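The block underneath contains the structure these notes are about, expressed in structure tokens.
Atoms within a ligand are numbered from 1 in the order they appear, just like the ligands themselves. Treat the numbers as computed from the prediction; the structure is a model and nothing was measured. Numbers here are sequence positions counted from 1. Reckoned from all heavy atoms, side chains included, excluding hydrogens, waters and symmetry mates.
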Amino acid sequence: MVFRIAGKVALITGAASGMGLSHAKELLRNNLKGVTLTDINETNGKKALEEIENEFGKGKAIFIQCDVTKMEEIQIAFESTLEKFGSIDILINNAGILDDLNWEREIAINLNGTINGILLGFERYLKNYKQGEEAVILNTASLAGIVQYGVAPIYSGTKSAIIGLTRSWAHPMHYQRTKVRVMAIVPGRTRTTSFELRDFLLDPVYMDMFQKREQRKLQRPEFVSNELIKILENGRNGSLWVIEKEEPAYEFLVPTKEELKRHHINC
Ligand SMILES: NC(=O)c1ccc[n+]([C@@H]2O[C@H](COP(=O)([O-])OP(=O)(O)OC[C@H]3O[C@@H](n4cnc5c(N)ncnc54)[C@H](O)[C@@H]3O)[C@@H](O)[C@H]2O)c1
């Protein structure tokens with residue numbers, strides 16, 4: 001079965017800036033029929049829509065203000081998508097923040113927000129309103145969720161959780177009944193606005209560590225979006241894709257229980 005971006009309809013959360021906006025543009029360059037940009041930030045959302053209309057013309061995108069922590073608001077975004085474009089094939093759960101100081105909000109957005117999107121997308125909208133035989137949900141984890149990320153442990157935890165959600169919802173039994181593939185991207189550090197903030201860590205000690213890490217070269221969001229197209233079209237259900245340092249995406253493979261047992265180390 002071949003999944004092609006051309007002619008499909010997408011909904012992206014947190015799409016007013018950064019990677020979300022960049023994903024929307026790259027999808028449209030690949031002949032997407034239409035995209036719903038959703039974001040909590042209305043000012044940036046309207047600007048993003050304007051940018052898209054300037055580049056791709058009117059009628060290809062809509063903006064719906066939506067806080068991912070509120071399921072009813074995501075539902076309105078899905079309904080508006082159907083009303084405007086008639087179907088929904090791709091959901092990109094992208095909204096996220098790094099704010100370990102404000103960690104309850106961080107968990108609500110990164111984790112609960114992604115779950116809200118999946119619950120509505122997987123069980124209702126993508127399952128029932130896709131155009132072809134298959135739809136795709138792409139979640140946004142982070143390299144911080146699979147490596148030791150001492151500077152922001154709580155952020156790291158939210159992103160590790162997204163790996164678990166993705167793998168479990170990708171279970172073949174779920175796919176059989178919904179025909180919705182579930183995958184995740186696992187980006188390394190990427191040049192976007194949120195990560196210019198300086199006051200989101202738990203303590204100044206964490207900040208010192210962060211500033212040392214800051215020296216590394218950041219990849220461009222456009223590079224991530226370019227890799228995302230290939231993943232949406234060709235990635236297998238349940239796959240997790242590391243995208244870092246502007247190198248081609250590679251799969252993060254979790255060992256099976258049998259493989260773990262073969263290499264076990266007793267304590
Ligand atoms: N930039 C990086 O280095 C990096 C690396 C790995 C993963 N990520 C992840 O990529 C995703 C996109 O982040 P980005 O780097 O493009 O940052 P960004 O700040 O440019 O984009 C995040 C967007 O999410 C929106 N948002 C925040 N709270 C929201 C809410 N409650 N409901 C809806 N929208 C909300 C913001 O308004 C913003 O437009 C996030 O999930 C982030 O954790 C980023």
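Of the options Gly188, Ala141, Ser17, Ala16, the smallest heavy-atom separation from atom 21 (O) of ligand 1 is shown by Ser17.
At a heavy-atom distance under 4.0 Å, only side-chain atoms of Lys159, from C-beta outward, approach ligand 1. Contact annotation: for Thr192 versus ligand 1, heavy atoms closer than 4.0 Å belong to the side chain alone. Proximity of Arg105 to ligand 1, defined as any heavy-atom pair under 4.0 Å, is confined to the side chain (atoms from C-beta onward). For Cys66, every heavy-atom contact with ligand 1 shorter than 4.0 Å involves the backbone, none the side chain. Here Asn94 has heavy atoms under 4.0 Å from ligand 1 in both its backbone and its side chain.
Of all the heavy atoms in Asn30 and Ile5, the pair that sits closest is O-CG2, 3.7 Å.
Contact atoms of ligand 1 toward Tyr155: 7 (C), 8 (N), 9 (C), 42 (C), 43 (O) (distance under 4.0 Å to a heavy atom of the residue). Every atom of ligand 1 with a heavy atom of Thr140 under 4.0 Å away is listed here by number and element: 9 (C), 10 (O), 11 (C), 41 (O). Those atoms of ligand 1 with a heavy atom of Arg189 less than 4.0 angstrom away are 3 (O). Those atoms of ligand 1 that come under 4.0 Å of a heavy atom in Gly18, given as number and element, are 16 (O), 20 (O). Applying the 4.0 Å criterion to heavy atoms of Ala95 picks out, from ligand 1, the atoms 24 (O), 33 (C), 34 (N), 35 (C), 41 (O). Close contacts between ligand 1 and Asp67 involve ligand atoms 30 (C), 31 (N), 32 (N) [criterion: under 4.0 Å to a heavy atom].
Each of Glu222, Glu51, Glu55 was checked for a side chain to side chain donor-acceptor pair (under 3.5 Å) with Lys25, and the lone residue meeting it is Glu51.
Remark: the Thr114 side chain and the Asn139 side chain contain no N/O donor-acceptor pair separated by less than 3.5 Å. For the residue pair Tyr250 / Glu227, no side-chain donor-acceptor distance below 3.5 Å is found, with atom types taken as modelled.
A salt bridge is absent between Glu50 and Lys46; no separation between the charged side-chain nitrogens and carboxylate oxygens falls under 4.0 Å. Looking at Glu26 and Arg29, a side-chain N of the basic residue comes within less than 4.0 Å of a carboxylate O on the acidic one, giving a salt bridge. Ion pair Glu134/Lys179 not flagged as a salt bridge, since none of the NZ, NE, NH1 or NH2 atoms sits closer than 4.0 Å to an Asp/Glu carboxylate oxygen.
Taking the six-membered ring where the residue is Trp, Phe78 and Tyr125 present parallel rings, their angle staying beneath 30° rather than reaching 60°.
Side chains of Leu201 and Leu98 form a contact here, defined as non-hydrogen atoms less than 4.5 Å apart.
Within the 4.0 Å heavy-atom cutoff, Asn44 does not count among the residues contacting ligand 1.
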